[in-house]
Amino acid sequence: MDFVNRSFASVLPEGSSLPTPSIDFSTIHFTPSIVTAILCGLTLWYWWAITKAKASRDFIDGNYNFDAPIIGPKNAVLGRLAFFRNGPKYIAEGYAKYKDTFFKVSGNDLLIVPNKYLQELASMPPEKLSLNTAIVDAFQRLHSITNVITDHSLQTRMLNARLTPRLGLQVPAVQEQFKKYLPIELPANSTKEWTSINALHLARRMVHRGVATQFVDELKENEEYIQTAINYSEHGFKHNFAIRVFPDFLKPIAAQFSPTSWGVDAALRKSRKMLIPLIENRRVLQRDPDYKKPEDFLQYLMDGGIAEGDDDVTTVQRLMVTYLGSGPSTIIAVAQLLFDLCVHGEYVEMLREEIIQVLTEHNGFTHTALAEMKKLDSFMRESQRLSPPTLLGFNAIVRSDVVLHDGVILPEGCHIQMATYAIGMDPEKNGPDPERFDGLRQYNKRKLPGQEKIHRFTTTADNNLHFGHGKIVCPGRFFADHSMKMIAANILLRYDLQFPGGKKERPGNTSMYDVLIPDLSTCVEFRLREDAGRYNW
């Protein structure tokens with residue numbers, strides 16, 4: 001019973017536990033008819049689970065119909081287990097041997113496509129090559145997430161058409177929250193003593209404060225809501241890891257009994273209780289002709305959902321799914337950025353000077369000011385190049401046969417990706433000495449004639465595919481860019497930072513499949529700068 005209690009611990013209310021059953025199983029007698037009924041029930045349940053799962057797994061078996069060398073074990077289960085444990089090794093081996101042609105990793109699960117096909121694949125519509133079909137498959141039958149993920153989904157359209165063009169309007173509100181809560185999340189109040197803070201925890205809290213401010217104005221300071229959003233996104237993130245390794249025929253059962261799926265379901269139920277009354281109240285207020293709608297993502301979804309016929313439950317799910325896309329990867333990127341600032345302290349004063357100069361010229365944080373932080377932008381891109389969230393990218397599933405320019409046919413159902421980290425480390429793609437951290441690598445490239453807009457953090461190219469490219473691209477990259485720059489700038493303005501004891505050695509990343517995860521226990525020491533009070537933007 002203790003094992004079950006531990007499994008449920010992440011989804012039960014704090015301080016509660018599962019009741020101890022009072023059934024005396026020794027009194028139960030299993031007659032042949034009872035056994036038959038149980039077996040029939042289990043068979044029907046399994047059939048239902050398989051049928052429900054297959055409905056969400058169209059177009060995923062095409063890799064078996066494409067001939068390419070498999071790196072690692074060829075057996076499906078052994079291949080997944082090996083890729084789970086040593087994903088970086090197999091990707092590096094495949095790229096070294098076959099970078100100009102195709103190879104597979106994780107058995108037949110993933111077909112790695114050479115970079116030479118990027119431009120023609122990136123221009124294909126989702127009816128031919130679908131990012132969202134791949135995302136649905138990644139979250140393995142978790143309907144609390146996948147029900148609203150489709151090509152041309154409302155949340156993606158609202159992100160592109162409403163939120164991203166208005167990011168500049170959000171900057172003052174986000175900065176107000178960061179200015180108020182950074183001293184609470186980072187309580188380093190002494191100019192003499194160092195205060196140790198877990199880097200990932202700090203990144204998580206600051207990223208979600210910024211997101212909440214732009215997503216639901218009324219709840220931007222509500223701790224219960226912020227924690228609910230964290231729970232939803234992080235349980236969803238873990239669910240992908242937990243289920244991915246199972247054989248296909250066991251995934252429906254594993255998904256039903258996974259604590260990660262229970263965690264997502266519990267967070268979604270809680271978010272409905274908090275958000276649906278708020279949505280209903282906004283609709284009442286809208287009857288007043290003088291009412292001014294909030295400029296937040298929830299309102300954009302409410303407005304766009306009218307034409308879609310969305311009910312309030314669907315609107316809430318669309319909002320929470322967007323948290324999943326905007327949370328974990330940005331949190332990891334912020335933590336990696338803090339680590340690189342500690343290791344490469346020679347850049348800190350240069351970056352701080354740029355931040356002060358830009359904010360002075362623009363009288364504080366604005367969209368334009370963030371765009372002018374070119375050295376910080378370059379440092380962020382170099383951090384991402386060497387420590388990306390994933391080693392693979394340009395993630396998509398072929399929805400109908402694709403004929404490439406040289407006659408190669410990608411059959412319907414192929415799950416393709418590109419070796420984005422290996423491409424970023426290839427001297428043919430990124431110049432000499434790619435393994436060296438050069439925080440001004442992209443800054444110097446931007447100074448070349450005609451190169452100003454090409455080497456930004458958010459710009460995708462054949463040598464920078466961490467956000468995808470063309471139509472297979474992350475719609476939230478500009479949102480992440482703002483969050484990272486504002487968090488880094490606020491920290492650099494007010495604090496000195498270092499690894500404990502002034503160490504310069506960067507903690508190693510761990511990996512699961514193709515995902516890189518910074519050391520979860522690593523702390524960074526902060527000390528309040530003596531001139532911190534001078535910059536009151």
Side-chain angles (χ1 to χ4, degrees), residues 63 71 83 87-95 98-100 102-106 109-124 126 129-139 149 156 237 240-241 244 324-333 336 380-398 410 414-426 428-430 434 442 455-481 484 509 511-518:
N63 286 4
I71 309 300
F83 193 60
K89 169 190 169 184
Y90 293 119
I91 296 168
E93 179 184 341
Y95 189 81
Y98 306 108
K99 77 172 185 177
D100 293 324
F102 298 85
F103 64 94
K104 297 177 184 178
V105 292
S106 188
D109 289 344
L110 299 174
L111 176 65
I112 310 305
V113 178
N115 194 246
K116 63 184 179 181
Y117 296 113
L118 175 66
Q119 297 306 327
E120 57 188 306
L121 290 172
S123 65
M124 291 183 179
L129 194 64
S130 173
L131 167 63
N132 285 300
T133 302
I135 292 173
V136 168
D137 187 57
F139 289 105
I149 298 178
T156 299
F237 190 66
N240 180 19
F241 293 141
R244 187 171 169 182
L324 182 60
S326 62
S329 58
T330 307
I331 291 166
I332 290 173
Q336 299 282 23
M380 286 164 45
R381 181 159 159 177
E382 187 75 347
S383 178
Q384 183 193 58
R385 185 180 71 85
L386 290 167
S387 296
T390 63
L391 303 179
L392 299 175
F394 198 76
N395 180 28
I397 287 179
V398 178
L410 298 177
C414 271
H415 188 169
I416 68 168
Q417 295 206 37
M418 290 190 180
T420 52
Y421 173 75
I423 290 169
M425 297 296 289
D426 191 332
E428 295 180 8
K429 295 291 184 181
N430 273 290
Q442 309 304 325
H455 303 286
R456 296 174 179 175
F457 179 70
T458 55
T459 303
T460 65
D462 63 351
N463 66 346
N464 182 40
L465 296 170
H466 297 295
F467 288 122
H469 190 61
K471 295 183 179 180
I472 308 296
V473 70
C474 172
R477 63 193 186 280
F478 302 102
F479 188 90
D481 173 72
M484 291 178 66
N509 296 313
S511 68
M512 287 187 284
Y513 310 104
D514 59 306
V515 178
L516 287 187
I517 301 173

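Starting from 1, each residue takes its place in the sequence as its number.
Summarising the geometry, atom OG1 belonging to T459 is positioned 10.5 Å from atom NE2 belonging to H469; distances are rounded to the nearest 0.5 Å. Note that CG of D481 is 9.5 Å distant from CZ of R456, once rounded to the nearest 0.5 Å. We find the CG-CG distance between L129 and L410 to be 8.0 Å, quoted to the nearest 0.5 Å. To the nearest 0.5 Å, atom CE of residue M418 and atom CG of residue L391 are 16.0 Å apart. Here K429 contributes atom NZ and N464 contributes atom CG; the two are 12.0 Å apart, rounded to the nearest 0.5 Å. Interatomic distance, T390 OG1 to L516 CG, rounded to the nearest 0.5 Å: 8.0 Å.
Contact annotation: the side chain of N509 approaches that of Q336 to within less than 4.5 Å [non-hydrogen atoms, C-beta and beyond]. Using a 4.5 Å cut-off on side-chain heavy atoms (C-beta onward), E428 and K99 make contact. At least one side-chain heavy atom of L386 sits less than 4.5 Å from a side-chain heavy atom of M425. Looking at Y421 and I91, their side chains never come closer than 4.5 Å, going by heavy atoms from C-beta outward. Side-chain atoms of V113 and F102, non-hydrogen and from C-beta on, do get closer than 4.5 Å to each other. For the pair Y95/D426, a side-chain contact is recorded, criterion being any heavy-atom separation below 4.5 Å from C-beta on.
Summarising the geometry of N463 relative to I423, their closest heavy-atom pair is CA-CG2, 3.9 Å, with the distance given to 0.1 Å. A pairwise comparison of heavy atoms in P518 and I332 identifies CD-CG2, 3.6 Å as the closest pair. Contact between M124 and K471 at its shortest, heavy atoms only, is O-CD, 3.4 Å. Shortest non-hydrogen contact noted between I472 and A396 is CD1-CB, 4.1 Å. Nearest approach of F457 to F467, heavy atoms of both residues: O-CE1, 3.5 Å.
The backbone N or O of D100 sits less than 3.5 Å from a side-chain atom of K116, completing a donor-acceptor pair. With R477 contributing its side chain and G468 its backbone, the two residues share no donor-acceptor pair below 3.5 Å. In this structure, the side chain of N430 engages the main chain of G424 through a donor-acceptor pair within 3.5 Å. Side-chain atoms of S130 come within 3.5 Å of backbone N or O of T133 as a donor-acceptor pair. Under a 3.5 Å cut-off, the side chain of N132 and the backbone N or O of I149 do not form any donor-acceptor pair.
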inquiry  = One pair to check against ring pair (Phe, Tyr, Trp, His ring centres under 6.0 Å): Y90 and F103. What are the steps and the verdict?
reply    = CA-CA 10 Å; Y90 293 119; F103 64 94; over 10 Å; no
query = Step by step, would you call I71 with F83 a side-chain contact (heavy atoms from CB on, under 4.5 Å)?
reply = CA-CA 9 Å; I71 309 300; F83 193 60; over 6 Å; no
message = Checking V105 against D514 for the side-chain contact (heavy atoms from CB on, under 4.5 Å) test, could you report, in this order, the C-alpha distance in whole Å, the side-chain angles of both residues, the deciding distance, and whether it holds?
response = CA-CA 10 Å; V105 292; D514 59 306; over 6 Å; no
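The closest side-chain donor-acceptor pair between N240 and Y513, if any, does not fall under 3.5 angstrom. Counted by atom type alone, H415 and N395 present one or more donor-acceptor pairs between their side chains at under 3.5 Å.
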